[in-house]
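Please read the structure below before turning to the comments.
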Amino acid sequence: MTNQPKRSSTALLVAISFIGSSAISAIGATSAFAQTTFNDVPTGYWAQTFIQELAARDIIKGFPDGGFRPNDPVTRAQFAAMLSKAVNKAPVRGSVTFVDVSSTYWAAPAIQKSYTTGFMSGYPGNVFEPTQNIPRVQILVSLANGLSYSASQPTETTLQTYADASGIPNYARNSVAAATENRLVVNYPNVQFLNPNQTATRAEVAAFIYQALVRSGQANAIASPYIVGQTTTPPVQNQTRIPAGNVIALQYSKDKILLGPNDKVPLTLSVSQNIVNPQGAILIPSGTQVVGELRTVSGGSQFFASELDFADGRKVPVNATSKVVTTTEKVDKGVSVGNILKGAAIGGAAAAAISAVTGDHVLATEKLLGGAGAGALLGLFLGRDSVTLSSVNPNTDLAITLNSDLLL
């Protein structure tokens with residue numbers, strides 16, 4: 001791979017076809033950027049990445065004050081609502097009427113879905129207890145049962161992993177063993193203590209659900225010392241550690257990147273200058289590629305780095321993000337598309353917005369970064385006289401800060 005995008009001798013063109021606006025649901029036209037950073041989830045927080053990833057998928061949300069409240073307890077109804085967004089599973093049993101869940105209750109549909117798909121059950125007498133705080137062990141039982149996991153090893157052998165295994169209720173022991181084998185369990189601050197009967201917090205539930213997505217192949221694994229049974233890379237002699245909080249400056253071949261609502265595009269940047277240790281030895285050479293995604297988030301755009309690709313073929317996972325870039329660019333009807341796109345790369349939603357507002361429906365594919373298909377999004381912007389896009393200068397805006405230690 002090179003730092004410059006490969007260009008063919010003949011520029012390829014893609015025509016963005018018109019589609020009827022009726023094909024786009026109303027909610028899609030008005031949905032806001034997903035908030036992925038929260039004022040009470042600081043860099044280095046143990047569950048930061050779990051929370052950010054689920055927030056980006058709109059499975060969990062923050063609060064109007066900009067916080068996530070990671071240590072707040074989760075009720076059974078709230079957990080059912082999270083499950084409803086995270087899991088797409090066909091019903092395995094018929095519906096039931098819970099005497100304490102009215103048809104107008106805010107979580108009634110999610111509660112029914114959690115029941116019919118086999119993730120949750122009620123108590124005797126068709127009682128659900130929607131406002132009851134849910135303990136950690138019930139979360140794990142729910143996920144293991146709903147996903148049809150079973151233990152392949154003797155249950156009691158697996159549960160020896162936990163120093164407090166004696167506190168796991170008898171009804172839950174097989175399910176917790178299955179959850180453990182499938183890497184669903186995340187224990188903070190001590191990986192050896194399950195705390196099975198402790199009320200689950202919002203941060204803990206986010207971690208459990210994310211691990212379920214990883215196990216089902218719907219999300220990438222996160223390197224965390226709190227995941228029970230996660231295979232860790234053995235320490236390498238003279239391995240170098242770059243502490244969390246350090247900043248790495250990056251560069252890109254384009255001067256500007258434009259993103260529209262809900263754009264999420266793959267992006268490879270490169271390290272702009274050698275990263276050296278106090279003795280002057282080069283740890284990360286200039287030109288090392290940084291692979292990740294550029295996403296629209298609450299208030300702007302942000303780059304999420306996931307991997308360093310070295311020239312010698314090494315690939316090193318990295319957990320780092322840029323600041324939230326708040327710069328915008330307004331595109332008005334009749335403006336020259338050539339001037340807008342000069343030296344720019346664009347996401348799919350931005351391409352659709354520009355095409356709809358300016359009437360220019362042919363864009364060079366070399367400028368498209370990917371993400372959602374521009375043609376499919378065009379209907380969101382038809383009829384507008386202007387649109388405001390997120391504008392990123394990748395050479396000044398996208399320096400990344402390490403969220404966890406980087407091991408080289």
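Quantities reported herein were computed from a predicted structural model and do not represent experimental measurements. Any value given below was found using the heavy atoms of this structure, including those in side chains, with hydrogens, waters and symmetry copies removed.
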Fill in: Heavy atoms of other groups near K89 NZ, more than 12 under 6.0 Å
yes

Here the side-chain hydrogen bond (donor to acceptor under 3.5 Å, both in side chains) pairs for residues 139-150, sequence neighbours left out, are N145-S175

How would you list, by chain and number, every residue that makes a salt bridge (Lys or Arg N to Asp or Glu O under 4.0 Å) with [X], sequence neighbours excluded?
{"X": "E307", "value": "none"}
{"X": "E181", "value": "none"}
{"X": "R314", "value": "D312"}

For [X], what residues pass the side chain to side chain donor-acceptor pair (under 3.5 Å) criterion, not counting sequence neighbours?
{"X": "R76", "answer": "Q138"}
{"X": "Y162", "answer": "T180"}
{"X": "N187", "answer": "R136"}
{"X": "N403", "answer": "N319, T321"}

Residues pairing under ring pair (Phe, Tyr, Trp, His ring centres under 6.0 Å) where one sits in residues 175-203, two or more places apart or in two chains, turn out to be W46-Y188, Y188-Y226

Could you tabulate the donor-acceptor pairs under 3.5 Å formed by side-chain atoms of residues 122-135, not counting sequence neighbours?
| unit_1 | atom_1 | unit_2 | atom_2 | d |
| --- | --- | --- | --- | --- |
| Y123 | OH | Q132 | OE1 | 2.7 |

The side-chain contact (heavy atoms from CB on, under 4.5 Å) partners of A47 (sequence neighbours excluded) come to Y45, F50, I51, A203

A399 meets the side-chain contact (heavy atoms from CB on, under 4.5 Å) criterion, sequence neighbours left out, with V247

| Have N174 and T155 got a donor and an acceptor in their side chains that come within less than 3.5 Å? | yes

